[in-house]
Amino acid sequence: MEQPRGWSWQDRAEGSIRRGAALDPSVEPVDGIRAFPTAYLPQRLLITRAPDGETDLFDREIRTLRDAAGSFGWNLEVERGDDEQQLIPGVAGFVRARLTTPDEPGQGESPVAPDAWRVLQRARRMSRSTMPRTSLEHVLSIDPVGLNPFTRTNPFTRTNPFTRTNPVRGAGVGGSDDYLEPGRGARQPVTWLGPAPQRRPDPKRGRRAVVAVLDTGCGEHDWLPDDIVTRHIELDGMPVGLTDDADPERYPDLYGQLDGEIDAVAGHGTFIAGIIRQAAPDADILSVRVAGALGVVDEGTFLHSLAQVVELLRRYRENPKTGHPIDVLNLSLGYYHETPVDGLFSRTLHDLLTAARELGCVVVCSAGNDAIDRPSFPASLWAWPGADNGIAPDEAAAHVSVGALNPSTHSLALFSNVGPWVRAYAPGAAVVSTSPAFLGGAQSATRADFDGLRRETLDPDDYRGGFAIWSGTSFAAPYVAGLVAARLGVVTASDVATVTDAAANAVESVLKALPDATLRV
């Protein structure tokens with residue numbers, strides 16, 4: 001399969017290195033703090049900087065972190081200047097802190113590699129506080145069912161790569177893995193027979209609703225031309241999101257062995273854009289690539305891209321001739337926080353999403369595909385019934401977390417996360433949508449040419465027809481996002497109060513029309 005120009009084995013090997021480490025909650029315990037497994041970058045921390053310029057607590061936490069790191073023999077270096085991420089006036093920003101080992105061995109130096117979790121926990125013990133401005137830098141993942149490398153509460157998914165008693169699965173599968181079988185929800189080519197979604201002419205007054213998607217980007221497709229999808233956008237001359245050649249919407253097999261197997265999330269963003277196109281034919285799409293072919297993104301990188309997108313919206317609200325309009329924000333990604341209760345997690349992500357909602361933008365998040373009720377971020381960052389996250393209800397535009405329904409809409413997909421923090425359920429299993437024209441290495445099972453005609457059975461990874469079936473809450477979320485955009489219709493108002501009221505009415509209408517997922521047996 002095609003590779004980027006100059007792509008080498010070093011690029012493939014480096015990209016295949018798994019991002020992050022699995023947190024062991026038993027390490028460096030602190031009384032009163034109950035932690036759970038997650039995936040994080042062991043050599044980095046994120047430190048929130050308040051928008052009001054108050055520095056005492058910020059500086060105090062940095063000093064405590066340096067002392068905690070020093071007790072292990074490690075150094076803590078704060079990245080400032082150009083690396084400081086505070087783009088939106090009135091909203092908290094953050095800096096990264098990096099843990100390193102001394103160039104010269106010294107007394108007390110730890111023989112093991114730096115570990116941000118151990119430093120954070122020791123800093124909490126030393127300061128006798130929760131260190132509210134400091135957080136691990138988590139690893140977020142794009143999440144179609146079965147294709148998330150961090151798929152369970154423990155991000156490294158099983159102790160044995162041969163995951164069942166018999167690695168040859170002819171005896172059948174059970175549980176959520178049933179959706180990984182061809183014909184039962186797994187990604188596979190499909191034929192689309194109907195016409196493309198019909199798009200009305202540009203409105204004479206007002207503008208089209210806009211859905212922003214932070215994902216793997218958007219590939220080429222007849223349904224998704226440049227006058228519908230904005231694929232490249234800048235803020236103050238700097239590109240928003242990733243722009244490197246490792247684009248999973250152009251190249252289907254970037255990482256791993258040269259086995260011809262399409263990468264796990266290649267085409268994910270194109271599939272989402274196609275769902276929005278079906279649900280809201282008259283809407284425009286802003287596609288921002290934040291993840292590569294492995295489907296993972298560092299939290300700090302994601303926060304920076306998100307802040308850029310929110311700043312584009314803020315500038316548009318101040319002056320419609322600047323920035324970029326965004327009415328709905330779709331996030332089909334997430335992670336599990338190790339301490340997801342009030343006072344024990346950084347509010348940076350929540351504050352950025354709140355800033356978007358206060359500007360009248362509806363936020364729609366996928367709930368996750370791990371068949372658990374553990375709250376995921378950012379899906380659970382709202383004041384859900386019984387919430388222990390300390391988030392209070394507000395009057396801003398809605399935050400909607402979405403789980404998945406089976407095609408019948410009479411049952412929840414077994415893979416879908418559930419819980420009181422999941423606000424709605426929408427079709428998310430065996431969904432049909434757009435795909436880049438990928439061609440993988442797998443072949444049809446049987447070929448028998450005759451009379452000059454190529455005759456064969458279905459090629460399981462030939463997507464040159466442009467359409468596919470796929471499953472995941474990743475695809476339930478954009479269905480809801482698209483419906484909200486469709487309900488908004490032509491947007492004529494620019495003031496935040498009017499826009500927020502229209503968004504509330506659109507969300508209420510969409511949620512009422514969704515299938516009733518409160519089924520009881």
Side-chain angles (χ1 to χ4, degrees), residues 142-147 176 178-199 211 213 215-225 228-229 248-249 252 262 264-283 285 287 330 332 364 366 369 402-416 425-440 442 457-483 485-486 510 513-515:
I142 303 294
D143 199 14
V145 67
L147 300 179
S176 298
D178 188 55
Y179 291 91
L180 304 180
E181 293 295 297
R184 304 185 69 87
R187 177 165 57 164
Q188 67 178 64
V190 68
T191 301
W192 180 277
L193 295 177
Q198 296 300 305
R199 186 171 170 91
V211 182
V213 180
D215 209 86
T216 59
C218 182
E220 299 297 326
H221 194 279
D222 290 344
W223 282 17
L224 304 168
I228 294 177
V229 181
E249 304 299 317
I262 290 175
V265 298
H268 190 266
T270 303
F271 199 89
I272 286 174
I275 293 171
I276 295 169
R277 181 85 167 86
Q278 294 175 70
D282 292 322
I285 300 170
S287 174
N330 185 89
S332 291
V364 183
S366 61
N369 305 317
V402 187
L405 296 172
N406 283 317
S408 70
T409 71
H410 287 277
S411 63
L412 303 184
L414 192 65
F415 61 76
S416 178
Y425 295 90
V431 177
V432 177
S433 189
T434 50
S435 172
F438 291 154
L439 178 62
T457 52
L458 185 71
D459 186 332
D461 60 3
D462 184 348
Y463 295 95
R464 289 177 293 180
F467 296 93
I469 289 175
W470 215 345
S471 296
T473 60
S474 278
F475 312 128
Y479 177 68
V480 172
L483 291 180
V510 167
L514 287 175

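Remember, it's a predicted structure, so these values are computed and weren't measured experimentally.
Shortest non-hydrogen contact noted between Ala404 and Tyr425 is N-CD2, 3.9 Å. Nearest heavy-atom pair across Asn330 and Ser332 is ND2-OG, 3.1 Å. Between Ala485 and Ala280, the shortest heavy-atom distance links the atoms CB-CB, 4.1 Å. Nearest heavy atoms, Thr409 versus Pro427: CG2-CG, 4.3 Å. Contact detail for Ala476 and Gly403: the closest heavy-atom pair is CB-O, 3.4 Å. The heavy-atom pair separating Ile228 from Ala283 by the smallest distance is CG2-O, 4.1 Å.
Looking at Asp215, its side chain never comes within 3.5 Å of a backbone N or O of Gly217 through a donor-acceptor pair. Distance alone, capped at 3.5 Å, places no donor-acceptor pair between the Ser366 side chain and the Ser474 backbone. In this structure a side-chain-to-backbone donor-acceptor pair under 3.5 Å is present from Asp461 to Ala442. A donor-acceptor pair is defined here as one N or O able to donate and one able to accept, closer than 3.5 Å; such a pair exists between the side chain of Ser471 and the backbone of Ala430.
Crowding of Arg199 atom CZ: a count of heavy atoms from other residues, nucleotides or ligands under 6.0 Å exceeding 12.
Residues passing the side chain to side chain donor-acceptor pair (under 3.5 Å) test with Asn406 are Tyr179, Ser411, sequence neighbours excluded. Here Asp462 pairs with Arg464 under the side chain to side chain donor-acceptor pair (under 3.5 Å) rule; sequence neighbours left out. For Thr216, the side chain to side chain donor-acceptor pair (under 3.5 Å) partners two or more places apart in sequence, or in a different chain, are Glu249.
Counting only heavy atoms from C-beta outward, the side chains of Pro252 and Pro436 never approach each other to under 4.5 Å. In this structure the side chain of Pro515 reaches within 4.5 angstrom of the side chain of Leu405, judged on heavy atoms. The shortest distance between side-chain heavy atoms of Ile275 and Trp470 does not fall below 4.5 Å. Considering only heavy atoms from C-beta on, Phe415 comes within 4.5 Å of Thr473 through its side chain.
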- Applying side chain to side chain contact (heavy atoms under 4.5 Å, CB included), run through Tyr463 and Leu439 and close with a yes or a no. CA-CA 6 Å; Tyr463 295 95; Leu439 178 62; over 6 Å; no
- Task: Test Leu224 against Cys218 for side chain to side chain contact (heavy atoms under 4.5 Å, CB included), laying out the working first.
- Result: CA-CA 8 Å; Leu224 304 168; Cys218 182; 3.7 Å; yes
- Check step by step if side chain to side chain contact (heavy atoms under 4.5 Å, CB included) holds for Val431 and Ile469. CA-CA 5 Å; Val431 177; Ile469 289 175; over 6 Å; no
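Rounding to the nearest 0.5 Å places CD1 of Ile272 at 10.5 Å from CD1 of Ile285. Between Gln278 atom CD and Leu483 atom CG the span is 11.0 Å, to the nearest 0.5 Å. Between atom CZ of residue Phe475 and atom OG of residue Ser433 there is a gap of 8.5 Å, rounded to the nearest 0.5 Å. The distance from the OG atom of Ser435 to the CZ atom of Phe467 is 9.5 Å, given to the nearest 0.5 Å. Of the inter-residue distances, the one linking Asn369 atom CG with Leu414 atom CG reads 11.5 Å to the nearest 0.5 angstrom.
Here His221 and Phe271 keep their ring centres 6.0 angstrom or further from each other.
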